[in-house]
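Here's the structure we're looking at; comments come further down.
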Amino acid sequence: MFDGLKNKLDQFRDDVEETTTEKSATDEASSGDDAEPNVKQSDESVSHMPSEAANDTSEQTPDDNTHTSNSDVTTAESDISANTDGDPNIDTDSSSLASQEAAAVLDETAQSDNKPGRLKRAAAFATGKIVIEEEDLEEPLWQLEMALLESDVEMQVAEEILGTIRSKMLGETRAQVNTTAALVEEALSDALYEVISVGQYDFDSRVESADSPVTIVFTGVNGVGKTTSIAKLVQYLESRGLSVVMANGDTYRAGANEQIREHAKTLDTKLIAHEQGGDPAAVLYDAVEYAEANDIDVVLGDTAGRLHTSNDLMAQLEKIDRVVNPDMTLFVDEAVAGQDAVERAKQFNEAAEIDGTVLTKADADSNGGAAISIAYVTGKPILFLGVGQEYDDIERFDPKSMVNQLLGETESR
Ligand SMILES: Nc1nc2c(ncn2[C@@H]2O[C@H](COP(=O)(O)OP(=O)(O)OP(=O)(O)O)[C@@H](O)[C@H]2O)c(=O)[nH]1
């Protein structure tokens, strides 16, 4: 599931690591070339002090001096003072020694330098760290954006993800490249989680705590797996001790009654159906009455596949809303439809507000764009993933485990 996207996310992590490794190597090389008169040579790491911090003093102006209280400078100085204040916990390894040595330089440069970014970078480098800058991320982020769009992630969602990564990584100081991986992982994980988890709620407890019968109506276009998902949910709910009645509100398509009747028979669940051409709202109404009379917990109502543009069919949905006032309307679409599924989710939600999505055929989807985008564009959560054709091939959508899965090990790593 979503292997194509997983590989692309792996690639992004590799790209950032590669860029920061190159940068670290470049910094090291350039520091070796420039012998700084300001730098005490008593510690090897101090000789790595980049020349730019010291050289920047030549760019000072009287006004520049007024900016030296900048927080970056303060950070660099306070990092250093933490190692020089006689604290018994003082870390005496070579990097803290480097910090002390760097303090001497920074004291001088901080007096006059108006480029706190450089100071921060200088201090970070002197302590064996690197600072992630815009230019380090530019290429990997561009590549990531392309990869997300190729994977059917909606443009607005891709931009949100990139924005979060950028804000979480820029200016961050991290110990050398071996932990850049952890930084990228965290930024990527947070960025994905933020868009994927939009609107999430606990479906089970919402159903369990609502007044019975809980009526759930399923909408979506033809052939995406509405009827199959309803059948899967019958089993899902019954396995949690809830009783269910199915209602066939698809009075439009020839063969719809036979199809759902097959499922009802296999699952041994009551089905309410009318003749083809009947009024779907009347079917749902009868099902709710049946549930009330028989103390049934949940009514699951199928509807005809429709486009949000089919006015008569959308009018049917409005009538169902008026007649039975469902507790939830769930939009069903297939993950393999990618951008189309995302677009339809948006349009259905605008035409007849949804409470969540069931995303089917995730087992056949390599891209993952719909899974990542639908909650963000509708503001309503993905509640279930269909992962196969059997009744138990349905999973509660869990944003955390989805992110873990997307960032987990793949065969290519
Ligand atoms: N691989 C896979 N196939 C699925 C999944 N869910 C449904 N299908 C298959 O998709 C096909 C269409 O499913 P239906 O349930 O008939 O779709 P529908 O939306 O009710 O179709 P209409 O009644 O025509 O609107 C069937 O062959 C299902 O077995 C899934 O999660 N994974």
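All residue numbers in this chain count up from 1 along the given sequence. All ligand and atom numbering here is 1-based and tracks the order in the structure.
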Please assess D333 against R344 for the test salt bridge (Lys or Arg N to Asp or Glu O under 4.0 Å), listing each intermediate value before the final yes or no. CA-CA 8 Å; D333 215 318; R344 291 193 290 248; 2.7 Å; yes
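- The shortest contact between atom 20 (O) of ligand 1 and any protein heavy atom is with T227 OG1, 2.7 Å.
- In summary, the atoms of ligand 1 found under 4.0 Å from a heavy atom of V387, numbered by their order in the structure, are 31 (O).
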For the pair M328 and V207, evaluate side chain to side chain contact (heavy atoms under 4.5 Å, CB included) and give the outcome as yes or no after the intermediate values. CA-CA 9 Å; M328 286 187 209; V207 169; 4.0 Å; yes
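- Regarding atom 9 (C) of ligand 1, its nearest protein heavy-atom neighbour is Q389 NE2, 3.8 Å.
- Neither the backbone nor the side chain of H263 has a heavy atom within less than 4.0 Å of ligand 1.
- At least one heavy atom of V224 sits less than 4.0 Å from an atom of ligand 1.
- Ion pairing between D279 and K319 holds under the 4.0 Å rule for side-chain N and carboxylate O.
- Between E186 and K168 there is no salt bridge, since no side-chain nitrogen of the basic residue lies less than 4.0 Å from a carboxylate oxygen of the acidic one.
- The N222 neighbourhood of ligand 1 comprises atoms 24 (O), 25 (O), with distances under 4.0 Å to a heavy atom of that residue.
- Within ligand 1, counting atoms from 1 as listed, the ones closer than 4.0 Å to a heavy atom of T228 are 7 (C), 13 (O), 14 (P), 15 (O), 28 (C).
- Residue, atom and distance of the protein heavy atom nearest to atom 23 (O) of ligand 1 are R253 NH2, 3.0 Å.
- In this structure, the protein non-hydrogen atom closest to atom 25 (O) of ligand 1 is K226 NZ, 3.0 Å.
- For the pair D392 and K232, the salt-bridge criterion is not met [side-chain N within less than 4.0 Å of a carboxylate O].
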Intermediate values then yes/no, side chain to side chain contact (heavy atoms under 4.5 Å, CB included), N367 and V153: CA-CA 8 Å; N367 285 341; V153 173; over 6 Å; no
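- In summary, K380 and E353 engage in a salt bridge, as defined by a charged side-chain N under 4.0 Å from a carboxylate O.
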Please report the C-alpha distance between Y236 and Y391 in whole Å, then the side-chain angles of each, then the deciding distance to 0.1 Å, and finally whether the ring-ring contact (aromatic ring centres under 6.0 Å, His included) criterion is met. CA-CA 8 Å; Y236 177 91; Y391 291 136; over 10 Å; no
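- Of the protein's non-hydrogen atoms, the one nearest atom 11 (C) of ligand 1 is K361 NZ, 4.1 Å.
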Does the pair E154 and K346 meet the rule for a salt bridge (Lys or Arg N to Asp or Glu O under 4.0 Å), with working shown? CA-CA 11 Å; E154 211 257 354; K346 200 155 65 174; 3.6 Å; yes
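- At a heavy-atom cutoff of 4.0 Å, ligand 1 is contacted by no atom of E334, backbone or side chain.
- Geometric assessment of R396 against the ring of F203 yields a negative cation-pi assignment under the 6.0 Å and 45° thresholds.
- The protein atom (non-hydrogen) at minimum distance from atom 17 (O) of ligand 1 is G225 N, 2.9 Å.
- In terms of protein heavy-atom proximity, atom 12 (C) of ligand 1 is nearest to G223 O, 3.5 Å.
- Taking any N or O of G388, backbone or side chain, at least one lies under 3.5 Å from an N or O belonging to ligand 1.
- Looking at atom 6 (N) of ligand 1, its nearest protein heavy atom turns out to be K232 NZ, 3.8 Å.
- Two rings, from F331 and F218, have their centers 6.0 Å or more apart.
- Inclusion of D393 in the set of residues having an N or O under 3.5 Å from an N or O of ligand 1 is not warranted.
- Less than 4.0 angstrom separates some heavy atom of G386 from each of these atoms of ligand 1: 31 (O).
- Near D363, meaning under 4.0 Å from one of its heavy atoms, ligand 1 places the atoms 1 (N), 2 (C), 30 (C), 31 (O), 32 (N).
- Where the criterion is an N or O separation shorter than 3.5 Å, residue side chain and backbone included, T360 fails it with respect to ligand 1.
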